[in-house]
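For reference, the structure discussed in these notes is given below.
Side chains included, hydrogens not; waters and symmetry mates left out as well; all remaining heavy atoms used. Start at 1 with the first residue, then count along the sequence.
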Amino acid sequence: MSDLTIKHAGSTVTQTRQEVLSNNKKLNQMKVDVIDVDPTNTDQACSNAEVIFQQAEIVNAVSVKGGACILQSITLLDDDDEGKAMDLIFTDTSLELDDSADGTAIDLSDANAGSILGVIRISDYMDGVDWQLAHKENCGLVLKAAAGSTSIYVSGVNRSGGAVTYSTTTDLHLKFGVVKD
């Protein structure tokens with residue numbers, strides 16, 4: 001790195017030139033993390049296109065406030081052995097997809113829809129006899145936290161084509177593999 005000093009009309013300004021990183025150097029500086037999230041899911045009957053859980057915080061999804069990450073993988077453990085397709089909706093702020101409670105249809109306003117960063121569908125499960133496990137890899141979804149935050153939020157919506165009822169509010173467990181900026 002080198003400094004550049006400019007004098008003009010009696011003022012002196014010094015700027016430090018930042019090193020331009022090669023792709024390999026940049027990749028070596030990125031942080032890889034696996035973040036566990038246990039959302040509070042509904043234990044009420046949830047029809048197709050209704051909210052299963054909302055506003056689950058992915059704490060420290062990014063390294064710096066207002067930063068970004070790349071979501072590389074998702075693992076979903078379903079303790080209740082349902083194994084139903086769902087959309088995971090990622091947002092940069094904590095917001096409710098519906099105004100009432102989980103197990104009802106999405107009624108998010110147009111203004112709040114701008115907080116949606118992306119959607120990933122989970123649909124293929126491995127049957128573990130008393131549980132189901134889904135894994136999605138190479139997602140490549142870029143997520144950016146709101147200014148002043150290092151968190152991203154996730155909500156789940158039933159996309160199975162039918163109804164689903166979980167036996168308790170603690171039946172779903174998520175793991176997010178992220179590459180942080």
Side-chain angles (χ1 to χ4, degrees), residues 33-62 68-146 149 151-180:
D33 199 359
V34 176
I35 303 169
D36 294 322
V37 176
D38 293 323
T40 302
N41 56 272
T42 184
D43 60 358
Q44 306 297 312
C46 187
S47 297
N48 190 55
E50 290 184 343
V51 178
I52 297 171
F53 69 87
Q54 56 188 335
Q55 302 181 77
E57 184 176 11
I58 307 171
V59 178
N60 294 321
V62 301
C69 69
I70 300 171
L71 178 62
Q72 279 300 102
S73 65
I74 302 168
T75 301
L76 171 61
L77 173 62
D78 176 353
D79 285 344
D80 199 38
D81 199 23
E82 296 290 338
K84 302 292 185 181
M86 74 172 71
D87 283 344
L88 296 178
I89 301 171
F90 297 89
T91 59
D92 61 2
T93 57
S94 176
L95 55 88
E96 293 185 357
L97 296 180
D98 59 32
D99 288 335
S100 51
D102 296 349
T104 59
I106 297 172
D107 63 1
L108 187 65
S109 70
D110 292 351
N112 286 336
S115 292
I116 296 175
L117 301 170
V119 178
I120 295 181
R121 177 142 315 158
I122 302 293
S123 58
D124 295 323
Y125 287 82
M126 177 195 88
D127 189 350
V129 182
D130 290 334
W131 47 267
Q132 301 268 336
L133 183 80
H135 181 74
K136 194 90 159 181
E137 55 191 33
N138 299 321
C139 300
L141 179 62
V142 177
L143 303 172
K144 182 168 176 46
S149 176
S151 293
I152 301 292
Y153 298 85
V154 62
S155 299
V157 175
N158 181 6
R159 295 297 183 200
S160 68
V164 61
T165 305
Y166 295 95
S167 60
T168 71
T169 61
T170 59
D171 284 329
L172 300 176
H173 311 280
L174 294 158
K175 290 183 186 288
F176 298 102
V178 295
V179 179
K180 299 179 181 184

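- When all heavy atoms are compared, the tightest approach of Thr165 to Glu82 is O-OE2, 3.0 Å.
- With a 6.0 Å radius and a threshold of 12 heavy atoms from other residues, nucleotides or ligands, Asp36 has its CG atom above the threshold.
- Within the model, atoms CD1 of Ile58 and OH of Tyr153 stand 10.0 Å from one another, a figure rounded to the nearest 0.5 Å.
- Considering every non-hydrogen atom in both Ile152 and Ala61, the closest pair reads CG1-CB, 3.6 Å.
- Judged by distance alone, with hydrogens and angles left aside, the side-chain atoms of Lys180 form a donor-acceptor pair with the main-chain N or O of Asn60 at under 3.5 Å.
- Using a 4.5 Å heavy-atom threshold, the side chains of Asp81 and Asp171 count as separate.
- In this structure the side chain of Leu88 reaches within 4.5 angstrom of the side chain of Phe53, judged on heavy atoms.
- A donor-acceptor pair is defined here as one N or O able to donate and one able to accept, closer than 3.5 Å; such a pair exists between the side chain of Tyr125 and the backbone of Lys84.
- Between Val154 and Phe176, the shortest heavy-atom contact is CG1-CZ, 4.1 Å.
- A donor and an acceptor atom, one from each side chain of Asp80 and Ser167, are located under 3.5 Å apart.
- Interatomic distance, Asn41 CG to His173 NE2, rounded to the nearest 0.5 Å: 8.5 Å.
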> Passes side-chain contact (heavy atoms from CB on, under 4.5 Å), Arg159 versus Ser123? Steps please.
Replying inline: CA-CA 9 Å; Arg159 295 297 183 200; Ser123 58; over 6 Å; no
> Stepwise, does the side-chain contact (heavy atoms from CB on, under 4.5 Å) test hold for Ile122 with Lys136?
Replying inline: CA-CA 7 Å; Ile122 302 293; Lys136 194 90 159 181; 4.0 Å; yes
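- Side chains of Glu57 and Ser151: a donor-acceptor N/O pair is present below 3.5 angstrom, by distance only.
- Between Ala56 and Pro39 the shortest heavy-atom distance is CB-CB, 3.8 Å.
- Asn112 and Ser115 form no side-chain donor-acceptor contact under 3.5 Å, judged by distance and modelled atom types alone.
- Leu97 has its side chain within reach of Val157: a pair of non-hydrogen atoms, C-beta onward, lies under 4.5 Å apart.
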>> If you apply the rule side-chain contact (heavy atoms from CB on, under 4.5 Å), what do you find for Ile35 with Val59, and how did you get there?
In response: CA-CA 8 Å; Ile35 303 169; Val59 178; 5.6 Å; no
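- When side chains are defined from C-beta on, Met126 counts as touching Trp131, because their heavy atoms get closer than 4.5 Å.
- Contact between Leu76 and Leu174 at its shortest, heavy atoms only, is CD1-CD2, 3.5 Å.
- For the residue pair Asn158/Glu50, the side-chain donor-acceptor check at 3.5 Å is not satisfied.
- Under the side-chain contact (heavy atoms from CB on, under 4.5 Å) rule, Leu172 has a single partner from Asp79, Leu77, Ile52, which is Ile52.
- Residues Leu143 and Leu71 have side chains in contact (heavy-atom distance under 4.5 Å, counting atoms from C-beta outward).
- What you find for Gln55 and Leu95 is that their closest heavy atoms are CG-O, 3.0 Å.
- For the pair Asp38 and Thr170, the minimum side-chain heavy-atom distance is 4.5 Å or more.
- Under the 3.5 Å distance criterion, the side-chain polar atoms of Asn48 are matched with a main-chain donor or acceptor of Ser160.
- Cys139 places a side-chain heavy atom less than 4.5 Å from the side chain of Ile74.
- With Asp87 contributing its side chain and Ile89 its backbone, the two residues share no donor-acceptor pair below 3.5 Å.
- For the pair Asp78 (side chain) and Gly83 (backbone), a donor-acceptor distance under 3.5 Å is present.
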